[in-house]
Structure formats: C-alpha cells, structure tokens
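Working notes, structure below.
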Amino acid sequence: MFSVARVCTTLLFVVLLLCQCIHPSDAAGCVPGENYPGGDLTPGPSDKTQSQCAADCNSTEACIRYVWHQPGKCSGHGEHCTLSNGCCYLKNECTTYAPNRCTCSELVRPCVPEKKCAPEQSIPKPPANAKNVLYLVVDDLRPELPPFGHAYVHAPNIENLARESTTFYRAYCQQAVCSPSRMSFLSGRRPDHTRTYNFINHFRQADCGFPLGGILWTQKTVLSNETVDLKTEGGAGQCCTDCTINPDCSAWAYRGDSNMCIQYAHGGGSGTAPNDAWISGASGKWTSTNWTAFPEHFRKSGYFTLQTGKIYHTEEGGTTPPWNGQGMPPNQDPPSWTPGCSMAHVNAVAPMLGCRTNDTPGCAVNATIDGEPLDGSGPLCDKTIGDDAVDKLKHASEVFNTTGRPFFLAVGFRKPHMSWRFPAPFLEFYNESAVNVAAHPTLDPSQPPIAMHYPCLQKSPYVAMPTDTARRNRMFYYAAVAWTDHQVGKVLTALEDHNLKHNTLVVFHSDHGWSLGEHGQWQKFTLWELGTRVPLIIRAPWVSGTQNVKSGELAELVDVYPTTCDLAGIAPPAGETLDGTSLGPLLRGEVAAGTVKPYALSQYPRCPTATNPADFWQSNWCEFVDRTQIRFMGYSIRTDAWRYTEWVKFNGSSLTPIWTEVVGKELYNHTLDNATDYDAFENVNEVGTQSTVAAQLSDLLHMAFKAE
C-alpha cells in the first residue's frame, strides 16, 4: 500500500508540473519512463550505454537532452532497440513529453520551450459574427456509415452528427491517396495545380517550371553536391527548392537512385546530354508557396488556429522557412497554425503501430474502450489525438469566452487506416458470421488492368480472397471505424459541454474512400467510386433547413475550403483563385439543387514496371516515383448519371496528359445509384456497348481538365 506521505508527495509533484509547466525529466539524472520524441540531432540512434549517451550529450554543445532506450525486446509502443548497448538519441529541440517504459531521459542544457499556445494579438479579429470552426478529418474512411444507409456499422456519434447536419452522399476526393488528397483540399487546388501526385512533393516547394527527365547538364560549373533523399527529403522537388533558396545557384540536377542533388553556378553553357538517371532544371520561383492554405487563411483572418493529429500528411518536415527540410509534405505546415498550437512530430507523439502478427492487417488490442492498453504500453494513437483535441478545445473555448476571438480547431484521426488496430471491446458490436463480403471480388475482364492498384491485400485481382479472410478483414475495418467514431463523439461532446455547439461550424469528411474487396481491390489508390467517394457532413446550426438533410448534390473536397469560409463568415483569400465552389448558397437555399456543379473530377497516376498492358495491374504504384517519371495518369469524371475514366500516357516534362495515347477506358452507369449499395455498380465496363455516351463524356473530360 502507498503511504499517505508518498501520495501527498506525488500530488505535490503533479501540481508543480501543472502550475509551473516543468518537464518531469527536468530532475537530475536519467529519469526512467520518460521520452521526448522528435528533435533528433542525427537521423538514427547510436549504439551506447546510458552513461555513454549522457557523456555524448554533455560533450555535444547542440545537445540539450538525451533519451536512452533499453536494448533487446523491451517495447513501450511496439518499437525495439536492436543495438547491443542501447539506443542513444541526442536532442536539440524541446519536444513533447511522452511516456515510454523502456526509455529514460535527462535534460543536460536549458530547454527553451516552444512558444505557448496563445492567440496572436498582432492579428485583428475577424468580423463580429464570424463562427468557430471544428474541422474533423478521418483517414481512409469510406461512407459505409449509418447516415449513408449502412446501419450495421457501429458509428452512433457520426450518426447523431448527421441528424443535425446536411450529409452529402455524392462527395468526391481529387486523388485517392493521403498526401496528394490533403495537399489538394488544404490548398483548395487540384492535383494538377499542386503538382503533388505522391509522397514526395508538396505545395510549399519552389516552382521550377517543368524539369527535364533523362537529361543532364554538360556545360555548367558545379557549385555543390548534396544528398536529398527521394523518400524522406522531397527528391527533385527539394533539389529545385534548395537551388532556388541559394542566390548563387542557376540550375540543378537530381539523381534518384543515389539521392544526389547537384547545384550549378551562374554562367556556363546550356548544353545537355541524354542520361536516364538524371532530372535537370533551372532555379525556380515561389509560386505555390505563396498560396494561402485553408487553415492559414483562418489564421490570417484573425482566428485562433489549433491542430492535432493527421491533418497534413504526417511525415516530418522542416520547422523553419520554407518548411521543407527532412520529410515529404511540410510538418503540419507551420504557417497554418497559431505558433505553439499544433501537434508537432505526429508520428512520434501519436504513432500508428502495426499488429504483432504478420498474417493479418487488423488486430484487437486488449485495452479499455477508450483506448488505454491494459499492459500499460501507452494509449492508442487516436486516443492521444482525441485527448489532445479535448484539451485544445477547452483552451480555445476559454480564449473565445474571454476575448471573443473565434477558433479553428482541426482534428485528424488516423483510423481506420491500416493496420486496423483498435480496442478489443469494439468487436462486440459485430457478429463475424453476419458480415457480408464483396459480391464481385475479382476484376471483370471488361475492366482495364491498369485500373487496379498493386500492391494489395489480395494477391491477384483475378483470384478472390478466401471468404473467411475477407469477412474477418471487413470486420476489423468496421471495428476500427467504430473506434474512431468513439473518439469523434468525445470531441463533439466536449464542444457541447463548453456551450459552443450553437455557434461552431462542424465540417466532417475523410481524405478518400476505400475498397473492401470490390473488383479484387483492398485499398484506396483507384478511380472507382469506392476509391474516390467520401463522407461529407456539414453542421451549421444557424442556417435553417440544414438539419437531418441528405443531399445528392455533386461535391468535391476542393469545395470544403470556400464552403467553410462562406459559412463561417469570412471572405476567401483575396487575389487567389481556388478550384472549388462554395456549397453555402445551396445550404441557404439560394440556388436550386443540381446547379452547383455539373461534375466531379479525380485523377490517379500509375507506374507499372511491365510493358504488356495486360500486366499493368502488377507493381504499378507511384508513391515514390519522381513526378517527371510517372508513366500514366488516369483522369475520371463523375456526372449525375455516369462515371467515365481514361488512362493515358503522361508527359513528365510538362506534367500533362497525352490524350491521344490511351491505354484504358472505363464507363459506368450510375443512373439508379442512391449511394447505398456498394455491390450494384461499376462491375462491368460499358465503354464498348455505350460508344456514343463514351465519346460525349470523353470530350467533356478533356474540356474539364483543360479548363482546370
């Protein structure tokens, strides 16, 4: 039993932590159980004992803290240290505290903490009638939810939100993969404008025009050589950016297989020679970097902007201008948030761990229903995010009540992204034997192989996954959805507890759809309805006639930016052209249904290694292929009655489609589709039997993408 003295001492220490804002590891010595993810001096750990790690930090001037992880199988969050003496991490930033039973940490030099999360007094407040915004983004969530006609999925909190909102059941993303989709809806531009098609580039990089693939400069003077990793540092886009930052650099060349970036001095000739390994270009300009991002616009408009979880893609980026540095997209885009009010190092603070077994993409964790594992290993990622959202909402409400400054709080939940890892109690909402599987679990011969994405859980689109495996995978996905719904409910309850429901706009959507075995696909990454369609729910209590409404209006995620501005009461960014259209006039009844937009557009790249079109479904992902080397691009248009798609060769130098070189066409009739049946549509390609419709939609598709 604990003594009274010990309890009092513990309580006193907690009070000191809360009132004086000190870190637990500010005490002397390496404090067990303490961890500070992120802010590392070097990319990886060094093999050192704890005392060696301490000595190393003491002798390194830039080191303010070290974290030492025990060697062997000790795991706090699913990680292991494979080094014989232990894993030593030297830190040069003040980062967020996180418990880990396998680590200890010691503060060696004074830590200058990040700026306290507080409104920026230098920015004028928005108009007096401006509304608060709660922006909820969920990863990999398809609209198989109760508000969309699927009562068997346990999501009572999303269902309750929909009862008080307008639910758009025909809303579509612009590219069905995390980073490009998020770069699109957070900038308000389509992928062909952001030029972000995979996990390498982002819109804060410099614009170097149209680099030349397969070309190397031959008559220029080398200024410097540096290493720019393709997967973690932005590849050719970052090489271009580094050259643009450097006033002495006039041109650059990048080689992806060796991560080599060459900068060239001014002067010299413009001669080039063919070389397939290189991509070359000239110093650029800051075109897209001057765009005002969605949350950034609210910040500039006087809002208190806060963030937690996965809003932008979560790989870490730089923390200083131009916010490139290590990582693919920027680190939650620092210009978007009030300083000190965003979750830095999302992957470290709220890690999305895999399952312990290799034979399943899902697992039930022995944890409480709120996501606290019973083995003490640390909370599940969405609990961490949900708790942080509740804390930030409390802070934002206090600021709003005392100063009148409205807030924009963005909350990004990570599930149901694979692995489908969730607290075990959520399995109780499902009977595995009653879970349906896809009625069409293989690719129809009429559908072009390039439409399929691989790698995929199903080894071949022409051989169905075993029914029992498919049923269990679906159940795991649904359980992960229920787990995320639980966290969504926690945040919505907090909003109501702070009496902010009546004056807060709630916008809820996912970043793209998901296939659960339909067409043999178990992923996003497609241009089918299941890959591109997303749940979109908007609650604006002050707009009459918008409660418990289901809208069949065609909508796109690029519409979210202008719609949120409109409904919250602020103007869109001056001098900028957004690609989306506000849905506000529709919600207010100012325009008739069916008149907001005639179609929705999506696209997706393919990089098959095969040369035979019949094999284009194999190994065709482009996630880490430089955009100049993308072989094909699929372009899809969704009208009221049809979906039409063309897969065409892609010009990597100009980043434009070659419409005359078609490798696949798809046409699907959606005339009777009310968006409730996942098995009834897009099972047979009708392009061969509906040639007149296909020709008309081909013309419309070309016109639409050229206009954009």
Side-chain angles (χ1 to χ4, degrees), residues 117 119 125-138 141 145-147 155-168 294-295 298 301-309 311 338 341 370 382 385-413 484-510 535-551 560 563-570 582-584 586-589:
C117 178
K125 294 179 184 178
N129 63 342
K131 307 298 184 183
N132 299 311
V133 178
L134 176 59
Y135 184 44
L136 302 171
V137 181
V138 180
L141 178 66
L145 299 161
N157 297 294
I158 297 173
E159 184 174 17
N160 289 337
L161 173 65
R163 289 195 184 104
E164 302 172 328
S165 309
T166 296
T167 298
F168 292 86
F294 176 20
F298 278 81
S301 299
Y303 274 70
F304 185 28
T305 59
L306 311 92
Q307 171 273 335
T308 185
I311 299 299
T338 301
C341 300
D370 199 37
D382 279 343
I385 293 167
D387 289 348
D388 191 44
V390 170
D391 290 343
K392 285 189 165 100
L393 188 57
K394 179 177 183 295
H395 184 35
S397 69
E398 291 169 349
V399 169
F400 177 71
N401 290 330
T402 56
T403 70
R405 189 179 294 274
F407 61 82
F408 180 106
L409 172 59
V411 183
F413 290 111
T484 298
D485 174 83
H486 181 74
Q487 294 301 313
V488 168
K490 183 166 66 176
V491 177
L492 291 173
T493 298
L495 183 74
E496 193 161 357
D497 289 344
H498 293 301
N499 195 29
L500 293 169
K501 179 179 175 180
H502 66 288
N503 57 4
T504 299
L505 174 68
V506 177
V507 179
F508 173 97
H509 68 79
S510 65
L536 174 60
I537 301 173
I538 299 176
R539 185 174 76 186
W542 53 92
V543 182
S544 62
T546 59
Q547 289 74 44
N548 201 24
V549 173
K550 288 181 170 56
S551 173
V560 170
T563 299
T564 305
C565 292
D566 184 356
L567 294 175
I570 65 172
S582 174
L583 301 171
L586 176 75
L587 293 172
R588 291 188 293 267

Is any side-chain heavy atom of N157 less than 4.5 Å from a side-chain heavy atom of T493? no
State whether the side chain of T546 and the backbone N or O of L587 hold a donor-acceptor pair below 3.5 Å, judged by distance alone. no
Closest non-hydrogen atoms of L141 and P535, given as atom of the first, atom of the second and distance, are O-CD, 3.3 Å
Working to the nearest 0.5 Å, report the span between OG of S397 and CG of L500. 5.5 Å
From CA spacing to verdict: side-chain contact (heavy atoms from CB on, under 4.5 Å), E159, D485: CA-CA 9 Å; E159 184 174 17; D485 174 83; over 6 Å; no
How many angstroms lie between NZ in K501 and CG in L134, if you round to the nearest 0.5 Å? 12.5 Å
Can you confirm whether L586 sits close enough to F168 that some side-chain heavy atom of one is under 4.5 Å from a side-chain heavy atom of the other? yes
After noting the C-alpha distance and the side-chain angles of H395 and F407, does the key distance pass the ring pair (Phe, Tyr, Trp, His ring centres under 6.0 Å) rule? CA-CA 10 Å; H395 184 35; F407 61 82; over 10 Å; no
Are any non-hydrogen side-chain atoms of V507 and T563 less than 4.5 angstrom apart? no
Please find the pair of heavy atoms, one from P406 and one from F400, that lie closest to each other, and give the distance. CA-CD1, 3.8 Å
Please step through ring pair (Phe, Tyr, Trp, His ring centres under 6.0 Å) for the pair F508 and F413, ending with a clear verdict. CA-CA 11 Å; F508 173 97; F413 290 111; 8.9 Å; no
Short question: side chain of D382, backbone of T484 - any donor-acceptor pair under 3.5 Å? no
What heavy-atom pair brings T402 and E398 nearest, and what distance separates the two atoms? OG1-O, 2.8 Å
I need the T504 OG1 to N499 CG distance, nearest 0.5 Å. 9.5 Å
How long is the straight-line distance from CD1 of I538 back to CG of L161, given to the nearest 0.5 Å? 10.5 Å
To check you understand the geometry: which heavy-atom pair defines the closest contact between S165 and R539, and what is its length? OG-CB, 3.1 Å
Non-hydrogen side-chain atoms of L583 and L536 separated by less than 4.5 Å: yes
Are any of the side-chain heavy atoms of R588 and L567 separated by less than 4.5 Å? yes
Smallest separation among heavy atoms of T167 and A162, with atom names: OG1-CB, 3.5 Å
Considering all heavy atoms, the nearest A389-L409 contact: O-CD2, 3.8 Å
Rounded to the nearest 0.5 Å, how far apart are CG of N548 and CD of E164? 9.5 Å
Where the side chain of Q307 meets the backbone of G309, is there a donor-acceptor pair that is under 3.5 Å apart? yes
What I'd like to find out is whether the side chain of F304 reaches to under 4.5 Å of the side chain of C117, using heavy atoms alone. yes
Would you say the side-chain atoms of R405 pair up with the backbone N or O of G302, donor to acceptor, closer than 3.5 Å? yes
Strictly below 4.0 Å, N to O, side chains only: are K490 and D387 in salt-bridge contact? yes
For T305, does its backbone N or O pair with a side-chain atom of T338 as donor and acceptor, under 3.5 Å? yes
Could you go through T308 and D391, starting from their C-alpha distance and side-chain angles, then the distance that decides it, and tell me whether this counts as side-chain contact (heavy atoms from CB on, under 4.5 Å)? CA-CA 10 Å; T308 185; D391 290 343; over 6 Å; no
Determine, stepwise, if the pair Y135 / T564 fulfils side-chain contact (heavy atoms from CB on, under 4.5 Å). CA-CA 9 Å; Y135 184 44; T564 305; 5.7 Å; no
When you compare the side chain of N401 with that of H498, does any pair of heavy atoms fall below 4.5 Å? no
First locate atom CG of L505, then atom SG of C565, and finally report the distance between them rounded to the nearest 0.5 Å. 10.5 Å
Evaluate I385 against Q487 for side-chain contact (heavy atoms from CB on, under 4.5 Å), listing each step before the verdict. CA-CA 9 Å; I385 293 167; Q487 294 301 313; over 6 Å; no
